[in-house]
Amino acid sequence: MVKSYLKFEPSKSFGVVASSSSNIVWSSKDKSKSSAGQAVVAANEEVLVWDIKKGELLSRWKDENNRALVTAIAQSKTDPDLFAVGYENGSIRLWDSKIATSVVGFNGHKSAVTILAFDKTGVRLASGSKDTDVIVWDLVAEVGQYKLRGHEDQITGLKFVEPEPVVAEEDGEQALMAVDNEGTEGFLLTTGKDSLIKLWDLSSRHCIETHVAQSNGECWALGVSPDLSGCVTAGNDGEMKVWALDVAALAASAQRVDLSQSVNFLYDRGTLHRSSKERAVEVIFHPRRDYFAVHGVEKNVEIWRIRTESEVKKSLARKKKRRKEKLAKDKKGADVDMEDEGADDITKAEISDVFAQHVIVRTTGKVRSVDWAIQQGSKDLQLLVGSTNNLLELYTIVGKDKLKAKSDVPDYNKALGVDLPGHRTDIRSLSLSSDDKMLASAANGSLKIWNVKTQACIRTFECGYALCCAFLPGDKVVVVGTKEGELQLYDVASAALLESVNAHEGHAIWALQVHPDGKSVVSGGADKTAKFWDFKIVQEQVLGTTRTTPKLKLVQSRILKVSDDILSLKFSPDSKLLAVSLLDSTVKVFFVDTLKLYLNLYGHKLPVLSMDISYDSKLIITSSADKNIRIWGLDFGDCHKALFGHQDSILQVAFIPHNSEGNGHHFFSASKDRTIKYWDADKFEQIQRIDGHHGEIWALAISHAGNFLVSASHDKSIRVWEETDEQIFLEEEREKELEELYESTLTTSLEQDADAQDENREVAAASKQTVETLMAGERIAEALELGLADLNVVKEWEVAKASNPNLAPPQRNPIFIALGNITAEQYVMNTLSKIKASALHDALLVLPFASVPMLFTFLNLFALRSMNIPLTCRILFFMLKTHHRQIVSSRTMRGMLDGIRVNLRGALRKQKDEMGYNIAALRVVGMQIEERSVKGFVDEKWEEEEAQKREVRKRAFASLS
């Protein structure tokens, strides 16, 4: 009989406040006064929404089918509930924050999406990626409109420039130039790591201007002022360039065809220098006030202010006065007026006169992203900062208008923060309490206790650089071993440090384990010793009194000296043996009672980083930096098997701690290659590969019941994987892995065969083949074949019926009968309408040209029967555009097209007449409502008179008092 195993599936993920893979977005759509606002942030593959004031998690957006990191987030300007989220695999999803559900998915980029931007109407989305392409998506039709190529490196900045319609003077009266939004699609401003800034005309879909944005290499950020009058680009060495954008000329150019090449809409206004020399990450303008924030990857954010017109004039006047004085000194006063003509002209002012550094906000961690926090009714300048060390902070900045005197220096203060639900640094050790309800996680600087069921952080302790931790029997005390060589005891209930022992004289404690009897603990360190500590309750005198209180102490009982640093320790469950792994790549097994050497395990080429002993004390597994797992017998020390386990160092291994379901010899391994693997140590087989983490997995803990495991990774997340009732068969798992591998290589090979004609063009189709589109294409081909066969059968029957009226109906395909005896064209239409709008074009590209006549046969039937005309037209126009040459050169296809044209025109005319009739009817109804409604005539001067009366009343009160 084939052995089956139970599958482990992801169940919970916590410990992340904000990942450093993406930008953050502030959302103030919560109208209630209780909330300061919400921060929308990435948390690995999920998006989290935090209430900044309460530090609560409001919502978690997760797509079950997605495992890729979130790399960009943008909020729609018109619908505050709509967010676009870009992922590392190049996909984009639109999320509705009210229901925390993905509404639409797009696939078009080959690599990570770096930036997203909505247009002002909220119907288009532009996305930039590491694959150097910019794609404009139509959110109403749910399709990619086109791909813009021109940058040579990843896109770092993206902004729609949609100028207002221009008002032009004609014959003395003002007439609006016909710039309705339908006529012009606006413009797009992009920057890339290739140090170029480009301006694209979206109506003609080509680049109209290119400039070198940074003189010293890459351009990393783009910020556009809210009024679109200018923008700032930032690059390496703290350099920022200011650009002026002639919006009026852009709007006017939209009407003209004969544009001369010499016109420049974007011109360089000068260079500013940040106080830091680091490369910039973001430039973000305040939507309502004259400030912008710029930051690199250091621990500060610079706030710059745009001076007012009067301030600039004063500055220019001061400079003029100084120049005059200097010239007077040089006795050249006669030429002064000639030279300074036009010095008061603001447009001629140097850029350093217009922009001034306002304040530098020093943050707790290195900054990853910032966003301006705008709240209803609040006039404060507030900045939301997301740090690389898993932290969100809200700073309040004193604006220029709030400063009392000129000499006052602008200040800032940290108003709110979200820091408790996560560690600042990587978790190095995990330990579960004996009832599996609490989890201890230890990192550099902090120890946290979590409730496993609710994922809430119950306690946070400050500690040293923790490398290992364990719950002591009773689950009231946690012991931590640090890099500084200290053993620290923490009381969970009182949240206090009970005792700190300098156990290994400043040498790192790499491992500790509690003895199976629960009365002592052993610690192993870099000082080449393993020390045994007994728990003792000592009566300690309370200072200044004669009273004593009981206190838990660690008392050293024995010491074991070895030849090299100890990296890992393990007691056997029967408490007879102690296994010790050394830096010299060997494992030594000692008797616990006499500390005599029992076995020497040689075989690993690099040090053993972790090991575990099975419930029956018969097997020991060791995992090493040489990527191998070895299974040894503890009776003779023979190596049963060496398994090439992972693609990188294997940091943790652990057996299931009991044998309730015959799984006592099953174990888990976790590695730097970001995967966890589940193994059978008797059959030497891999049972399951568990993916999910986005960084190396430092720690692993298995529940005492063996029904779940917890892992902690460099991606800051703590994940719980639960055993399910679903069975795994090894052959099926291998097949599934091979299928995944095949599918991934299939789509990449399809992407490499890019259309030759699109390769060197500036604009291309926004398409990308995925497994989903390939399957959809296959479904269409299958439906066409079935449908055509059925059409032929029915046609033959009808011909035969003409001569023999009593002929029985034909034998149709069972699928049609099962679906309620539907017609072939209805079946094909159902198949086409089930395909997502965003995947339809790519699915149609899968069809070979031989299937196109079949498709056109059905399109003719759709037009004839007026079935879903928008979809019919969309498919028809796309196929005509794709296969234009072949269709035109085919005589039969041309005949089909004539038929389709006649039928389609008839259907469209009918729809047009219907719409015209309905619109006319609505107009009539509107007129009737207008006639019936009561018109109120209000005297225009009435309000003024009322105000005067109130003023008289106020004066009367004043005189009475």
Side-chain angles (χ1 to χ4, degrees), residues 197 211-216 219 221-235 237-249 264-277 280 283-295 300-330 332 335-361 372 381 397-411:
I197 180 167
H211 299 273
V212 176
Q214 303 303 131
S215 58
N216 54 5
C219 173
L222 167 73
V224 181
S225 64
D227 60 356
L228 305 176
S229 62
C231 63
V232 175
T233 59
D237 299 336
E239 180 190 74
M240 293 192 292
K241 261 200 187 173
V242 182
W243 301 83
L245 188 60
D246 194 342
V247 186
N264 265 8
F265 303 112
L266 195 65
Y267 43 93
D268 192 349
R269 284 284 282 115
T271 306
L272 298 169
H273 289 281
R274 291 164 51 220
S275 57
S276 156
K277 291 290 175 213
V283 176
I284 295 188
F285 276 82
H286 195 287
R288 296 181 196 157
R289 296 171 68 177
D290 290 337
Y291 292 89
F292 72 85
V294 56
H295 69 88
N300 62 55
V301 182
E302 293 180 30
I303 311 296
W304 288 70
R305 188 171 62 85
I306 307 166
R307 289 180 170 149
T308 58
E309 210 170 299
S310 57
E311 281 181 287
V312 176
K313 278 183 177 168
K314 274 182 194 170
S315 170
L316 289 175
R318 252 198 318 275
K319 282 191 175 177
K320 184 175 172 182
K321 191 178 170 188
R322 282 197 203 121
R323 227 179 285 131
K324 271 187 181 177
E325 285 169 3
K326 193 179 177 195
L327 287 169
K329 269 185 190 173
D330 298 347
K332 290 177 187 168
D335 308 331
V336 173
D337 295 332
M338 299 267 295
E339 219 169 286
D340 272 352
E341 204 146 335
D344 286 344
D345 183 8
I346 293 181
T347 55
K348 302 279 193 303
E350 282 181 31
I351 202 67
S352 54
D353 295 332
V354 183
F355 291 88
Q357 197 177 63
H358 183 60
V359 67
I360 297 178
V361 178
W372 291 101
L381 272 179
I397 297 153
V398 178
K400 174 78 173 164
D401 48 348
K402 296 276 176 76
L403 297 177
K404 304 270 191 307
K406 273 188 180 178
S407 57
D408 281 7
V409 179
D411 199 10

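- A pairwise comparison of heavy atoms in Val312 and Arg307 identifies CG2-CB, 4.0 Å as the closest pair.
- For the pair Ala234 and Met240, the tightest heavy-atom approach, listed with the atom from each and the gap, is CB-CG, 3.9 Å.
- Between Cys231 and Leu222, the closest side-chain pair of non-hydrogen atoms falls below 4.5 Å.
- The side chain to side chain contact (heavy atoms under 4.5 Å, CB included) test applied to Leu228 returns Val161, Val224, Val247, not counting sequence neighbours.
- Using modelled atom types, one side-chain atom of Asp227 and one backbone atom of Ser229 make a donor-acceptor pair closer than 3.5 Å.
- Under the rule for a side chain to side chain contact (heavy atoms under 4.5 Å, CB included), the partners of Val398 that lie at least two apart in sequence or sit in another chain are Lys402, Leu403, Asp411.
- Take Trp304 and apply the side chain to side chain donor-acceptor pair (under 3.5 Å) test, not counting sequence neighbours, and it matches Glu302.
- A side-chain donor-acceptor contact under 3.5 Å links His286 to the backbone of Arg288.
- The side chain to side chain donor-acceptor pair (under 3.5 Å) search around Glu311 returns Arg305, Thr308, not counting sequence neighbours.
- Shown here are the side chain to side chain contact (heavy atoms under 4.5 Å, CB included) partners of Ala293, two or more places apart in sequence or in another chain: Val301, Ile303, Val370, Trp372, Leu383.
- Judged as a side chain to side chain contact (heavy atoms under 4.5 Å, CB included), and not counting sequence neighbours, the contacts of Asp268 are Lys241, Trp243.
- By the 4.5 Å heavy-atom criterion applied to side chains, Tyr291 and Ile306 are not counted as neighbours.
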